[in-house]
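Residues take their numbers from the sequence shown, with the count starting at 1. The shown structure was predicted, so the numbers you read here are calculated from the model rather than taken from an experiment. Note that ligands are numbered from 1 as they come in the structure, with each ligand's atoms numbered from 1 the same way.
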Amino acid sequence: MSVVINPIGVDFAAEIIGLDIGSPIDDATRDEVVATLDKYAVVVIRGERVSEQAQIDFALNFGPLDAINGVLTTDIKRRVRAELTDISNMDEDHALLDLSDRRRLFNLGNQLWHTDSSFKRVAAMYSMLHAHSVTPERGETQVCDLRAAYDSLDDEMKARIEDIVAVHSIYTSRAILGFEDFTDEERRALPPIRRPLVRVLPGSKRKTLFLASHAGGILGRPTAEARLLIRELMEHAAQPQFVYTHNWQVGDLLVWDNRCTMHRARPFDEAKYERDMRRATVMEADAGDVHIEP
Ligand code: OGA
Ligand code: MN
């Protein structure tokens, strides 16, 4: 398969043209997608909507998938296959979620800048989000480049953060929005995880920040001081020059490298429109350099 790589809008996003995610790909094509993600960090592949099986098969070219998808486990019926994460405002009968539904309130946390699964034992590498239905207005996804954000820090800040270890928890990002409605079982399933604040990427060897709204503390620092520093870095990274905004079409596959980006959903009229996206999440093959044991 011969594909064309077209940079889009910003210097860290590219569209891959000539790639059909519904068909098997050869190793050379897979390697080209990986090289494009190493160089850019965000990849857009446009085409027809494909089945859940086809999306899973495509994602498996890049590594094992996260097997545990969904944080809310109490009284939840799955709408999508277990290998995928449901990124929608719909219930298992494909009806719009009530605006006060616990799932909807939890999902609102996706509107905070975050990386996927930094709060899990093994973090996410690639997120591959496929659009089944999109909103006629708003509902974009934004991604920011944490390598460029790191590069543009001054030397004093780079020295200050070099050896910092941050603590990530899904309950931190949800608490920012006042969402605390978790069962004890749900809380026990995802204890806090330690991660370096600065890391070197294995593919490009570039340094990057490792940040998310899930980060709520820094080892050895008072919480208030830690949160101010995390907030300062997140505000820096979210400046317009580091941000790509994706306007969705049905059939799009948006891929981002969670090791060097943050992303967020933008709001839309959830009482009026359905937005149905499903995410396959490729795990880091070897996260040993990232995860720090408690
Ligand atoms: C995700 C996510 C943002 C969006 O799929 O992990 O955060 O725009 N999505 O739906
Ligand atoms: Mn996400």
Taking only heavy atoms of [X] into account, list the atoms of ligand 1 that are under 4.0 Å away from them.
X      : value
Leu129 : 5 (O), 9 (N)
Asp116 : 6 (O)
His114 : 7 (O)
Thr141 : 4 (C), 8 (O)

(request) Look at atom 1 (C) of ligand 1 and say which protein heavy atom is nearest, naming residue and atom and giving the distance to 0.1 Å. (result)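 Atom 1 (C) of ligand 1 sits closest to the protein heavy atom Arg279 NH1, 3.5 Å.
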
(message) Looking only at distances, can you tell me whether any N or O atom of Arg266, backbone or side chain, sits closer than 3.5 Å to an N or O atom of ligand 1?
(response)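 Checking ligand 1 against Arg266, no N or O pair falls under 3.5 Å apart.
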
(message) Taking distance alone, with N or O pairs closer than 3.5 Å, would you say Arg264 contacts ligand 1?
(response)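 No: no nitrogen or oxygen of Arg264 is under 3.5 Å from one in ligand 1.
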
(message) Is any side-chain heavy atom of Val198 closer than 4.5 Å to one of Phe210?
(response)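 No - every pair of side-chain heavy atoms lies 4.5 Å or more apart.
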
(message) In the structure I gave you, are the side-chain heavy atoms of Thr85 and Arg278 within less than 4.5 Å of one another anywhere?
(response)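 Not in contact.
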
(request) Measure from the Mn ion (ligand 2) to every N/O/S atom of Asp116 and report the name of the nearest one. (result)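 The nearest such atom is OD1.
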
(request) Answer with yes or no whether Phe268 contacts ligand 1, where contact means a heavy atom under 4.0 Å from a ligand atom. (result)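 No, Phe268 has no heavy atom closer than 4.0 Å to ligand 1.
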
(request) With atom 10 (O) of ligand 1 as the reference point, say which of Arg278, Arg275, His263 has the nearest heavy atom. (result)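 Comparing heavy atoms across Arg278, Arg275, His263, the nearest one to atom 10 (O) of ligand 1 lies in Arg275.
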
(request) Have a look at His263 and tell me which of Asn110, Asp116, Thr141 forms a side-chain hydrogen bond (donor to acceptor under 3.5 Å, both in side chains) with it. (result)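 The residue from Asn110, Asp116, Thr141 that satisfies side-chain hydrogen bond (donor to acceptor under 3.5 Å, both in side chains) with His263 turns out to be Asp116.
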
